Q: 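Structure provided below as structure tokens; questions to follow.
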Amino acid sequence: MSGQDPAAVLPCNFLLTAMTGSGPDDPAVQPAAQQVRTGRSRHERSALAEALLSGPHAQQAPQWLLEAAVAADLEPKAETYHVEGGMTLVALALGHPSCPASLQDTTLKRCTLEQLALLGSPRAGEQLAGAIAEELRIRGGATPPMTPQLLEMPTPAQIVLRRGPLHDLVFEAARDTLPVAPDPDELDADGDTKEWLRRYKGACAAWESMWRQILGRHPERHRELVRWADGTDAKWTVRNELLGSLPWAVEPGLLAELAAADLERFPLEILVAEACRMRRAGSDEEQVLAHFAEELSALTDEEQIDFSTFLGLRSTILLDRRCHAPVAWVQGAASGAWRHLLNPTQAKDGYQLAPWRTPAATLAGLATMFAETAARALPFWEPEERYSAISPREVVWVREIVLHLPTVTDDVKAGIRPIVHEARKRLSAHHPGFPPRHDHRRELEEILDTIERVLADPPPSVGGDRRRTALGAPDKVTVHESAVWRAAGE
């Protein structure tokens, strides 16, 4: 074997061991370098190139070695047993002190978006991460308005953000080139209002889905994204998705801040309702503005715009709806953004019960805050003359009030009883309106039964005792009632 090239016969593992602690001029380095040039096994060439670049040639490396390292990681994977790695060798070569800008530039342009995301991990150096970010901004181009189609054919930013974690520079570049909020003016429906509304709702749902995916993939960036989104069209989407879709994954302090900020929006609903009721009673806009001048001066610019929009409604139907604004807000919150916070033991992440980061005592405190806020909506409830079927959404908020208030006072009971009476009437077979769906009817009966138990005299105790009273006496509760209570969140 004396006439053979030593690199052709020396085993890869032997060379790797021999290079441990070696300098660039040590005897083991030359045959290892030759094997990188001529070896047939991609796996062995990659292992040797990585050892050379992180060992003997860590400070200075020939360009051919850097190019070979890139080629070994990016070439087609012909070996079926090879498991795709994390672009470690390319990252090592492109982040090397000897790597020329030309090699870095051409290599990044060759990479797929998934490969760019792998290269742009938190381990990437600042220079390499900056180059990846610049490449991503180039590929991103102009940011389009969000549409449902972009969930199926995502933009470069969406694809990169599906992986994580990412280096700060890469994450920021992807975030800044995401699709923007849906633009209602760009939705062409040929004058068909119903079609336009359908498309706009679909685009808004896609916008929410995009942010839900990003927030779920990057939990370590929740607070950062909340700060960034303030003042943008993404502000309330980011906040609502964290509060309503992923609350178990949110850091406890941030979750409490988001919940408190959400409830701080409620006073505007009361102000709008009171103003619209003045309009309904015959006052003009100037009289309403003068009456609420002090309250209006405390509103933000955004809130003042919203208030003016509602106050200027010409449709009596829309104006009447805003007279019930606090009730509508609480109904939506109890069935939407707050549903998991109010029933944390029933929250599911996929098919499994959600593992909450926030302690149970903190969650209970947030539920009490919601109940106290929701109780303020009771005076604004009015029966509606309509024939649509009643849904659980219309009464579930009342159940949350009676279950989470520290004390159910007589005033609260007085506000709740008409709501329960109206709901029972609409469930009656003699009511002229449409009947509810079968599953809705059963859920409605269970909700109303729970509320009525709490309203019963003598008043039940607070806390856990009241919850047991709502369920029924221990010696009389049925298996079905027990299952119903568990489904309600306890």
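When a residue number appears, it is its place in the shown sequence, counting from 1. Here the structure is a predicted model, which is why all the values come from computation and not from measurement. Hydrogens, waters and symmetry mates play no part in the numbers below; they use all other heavy atoms, side chains included.
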Q: For Q346 and H340, which I'm curious about, is there any donor-acceptor pair between the side chains at under 3.5 Å?
A: no
Q: Closer than 4.0 angstrom, basic N to acidic O: yes or no for R442 and E446?
A: yes
Q: If the plane angle is over 60° it's perpendicular, under 30° parallel, otherwise tilted; pick one for W211 and W207.
A: perpendicular
Q: Is there a donor-acceptor pair under 3.5 Å between the side chain of R277 and the backbone N or O of C323?
A: yes
Q: Examine distances only and state if a side-chain atom of E303 and a backbone atom of T300 form a donor-acceptor pair shorter than 3.5 Å.
A: yes
Q: Where is the tightest heavy-atom contact between L215 and V238, given as atom of each residue plus distance?
A: CD1-O, 3.8 Å
Q: Do side-chain atoms of S209 reach the backbone of A206 as a donor and acceptor pair under 3.5 angstrom?
A: no
Q: If we ignore hydrogens and angles and just use 3.5 Å, is the side chain of T177 paired with the main-chain N or O of A173 as donor and acceptor?
A: yes
Q: Should the pair R223 and W228 be classed as cation-pi, given the thresholds of under 6.0 Å to the six-membered ring centre and 45° from the axis?
A: no
Q: Identify whether the distance between the nearest side-chain nitrogen and carboxylate oxygen of R424 and E445 falls below 4.0 Å.
A: yes
Q: Can you find a pair of side-chain heavy atoms, one from R417 and one from E452, that are under 4.5 Å apart?
A: no
Q: Just distance, no hydrogens or angles: give the donor-acceptor pairs under 3.5 Å from side chains in residues 153-163, sequence neighbours left out.
A:
from	atom 1	to	atom 2	distance (Å)
T155	OG1	Q158	N	3.4
T155	OG1	Q158	OE1	3.1
Q158	OE1	T155	N	3.0
Q158	NE2	L150	O	3.1
R162	NH2	L151	O	3.4

Q: Which residue pairs pass the ring-ring contact (aromatic ring centres under 6.0 Å, His included) test when at least one of the two sits in residues 302-339, sequence neighbours left out?
A: F266-W329, W338-F370
Q: Nearest 0.5 angstrom please: E135 CD to L119 CG, how far?
A: 11.0 Å
